[in-house]
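Below is one structure, written out as structure tokens, with a few remarks after it.
Note: hydrogens, waters and symmetry copies are ignored here, and every other heavy atom, side chains too, is used.
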Amino acid sequence: MKTVSGTLAALALATAGLVAPTMIAPAAAAVDNSDPQRFVETLTTDGFAAMRTGDKAGAKSRFRALLAQNVAVDEVGARLIRRWLPTISPAQKAAYDSALPAYIVGTYTDRLFEYANATVKVIRTQPTAGDGVDVYSTVTKPGAQPIPAVWSVTKVGGGYKVLNLRVGGINVAMAQAADFDSVIQRQGFDALVKMMKARG
């Protein structure tokens, strides 16, 4: 089983734009969420541009903005602890919701720079249930073989947001939920939130 760090790293790679399409846009370029393919392309381009500055503090700030604007954080967070929702208090849920974005940012920003030279290429899109779309792509680091990555995006308001990611056959949401389950089963829900806050 993947660890908490291992599985969320893949999601962080997606939301932070570790990978980039062939054409690199300026750091200030807006993410175009009107079309699933353009959404993935511009999201990765924008995040990649932030990583290339070499300014970790600035990259962390940009990552936080990308996460808030372009990931369905509430939906993702609820999915990760779905089995525990009937057993936790509103205060525990609020503490978890508050800790999740900072946890992802704090844990993975330092790792983003390792992938600055990677590229992402969108291959095709496929509609899913409801307003969802799977965006099929490949992620390639120099000298390495391409890795398949499928972005599950969902319609929110007038645009799209990231809901899940499958990288190299690993379903990030399912693996991450299993990791969180392990922490909760061994130490309790409050211990999970405490761990998340410590890494945030």
Side-chain angles (χ1 to χ4, degrees), residues 2-21 23-33 36 38-80 95-120 122 135 137 139-141 147 149-154 156-157 159-167 170 172-173 175-176 179-180 192-193 195-200:
K2 291 281 184 179
T3 64
V4 169
S5 295
T7 53
L8 258 183
L11 182 58
L13 182 151
T15 58
L18 287 182
V19 293
M23 299 302 292
I24 300 173
V31 174
D32 180 356
N33 69 356
R38 286 290 299 155
F39 173 56
V40 171
E41 290 174 343
T42 56
L43 175 61
T44 53
T45 297
D46 199 22
F48 180 72
M51 295 307 118
R52 284 180 60 90
T53 66
D55 175 9
K56 290 188 178 183
K60 190 169 186 176
S61 176
R62 184 56 186 154
F63 183 15
R64 188 182 301 278
L66 286 170
L67 182 67
Q69 296 168 8
N70 300 296
V71 177
V73 176
D74 291 343
E75 290 85 349
V76 171
R79 175 180 294 186
L80 296 180
Y96 169 81
D97 290 342
S98 177
L100 183 65
Y103 168 74
I104 295 174
V105 172
T107 302
Y108 299 106
T109 296
D110 288 344
R111 299 186 182 185
L112 304 187
F113 298 91
E114 300 175 12
Y115 297 87
N117 294 323
T119 59
V120 60
V122 173
V135 181
S137 67
V139 176
T140 309
K141 293 182 68 174
I147 300 172
V150 183
W151 310 64
S152 294
V153 302
T154 186
V156 178
Y160 289 90
K161 290 191 176 185
V162 176
L163 185 61
N164 193 18
L165 178 68
R166 302 193 298 276
V167 182
I170 297 173
V172 173
Q176 189 61 61
D179 289 338
F180 277 19
L192 172 67
V193 174
M195 178 273 292
M196 294 170 67
K197 288 181 176 180
R199 293 185 183 178

Residue list, side chain to side chain donor-acceptor pair (under 3.5 Å) with D74, at least two apart or on another chain = none
Is any side-chain heavy atom of Y96 less than 4.5 Å from a side-chain heavy atom of L80?
-> yes
Calculate, to the nearest 0.5 Å, the distance between atoms OG1 and CZ belonging to T44 and F39 respectively.
-> 10.0 Å
Closest heavy-atom contact between V139 and A149?
-> CG2-CB, 3.9 Å
Under the salt bridge (Lys or Arg N to Asp or Glu O under 4.0 Å) test, which residues partner R38, sequence neighbours left out?
-> D32, E41
Check whether any side-chain heavy atom of L67 lies under 4.5 Å from a side-chain heavy atom of V73, and answer yes or no.
-> yes
Within the distance-only criterion (no hydrogens, no angle test), does the side chain of T140 pair as donor or acceptor with the backbone N or O of T119 below 3.5 angstrom?
-> no
Any side-chain heavy atom of V31 sitting closer than 4.5 Å to one from Q69?
-> no
Results of side chain to side chain donor-acceptor pair (under 3.5 Å) for S152 - residues two or more places apart only = D134
Can you name the residues that form a side chain to side chain contact (heavy atoms under 4.5 Å, CB included) with A68, not counting sequence neighbours?
-> none
Report yes if some heavy atom in the side chain of L163 is under 4.5 Å from a heavy atom in the side chain of W151; otherwise report no.
-> no
N33: partners by side chain to side chain donor-acceptor pair (under 3.5 Å), with sequence neighbours left out = none
Side-chain touch V122/V135, heavy atoms, less than 4.5 angstrom = yes
Looking at side-chain heavy atoms only, is the closest gap between I147 and V167 below 4.5 Å?
-> yes
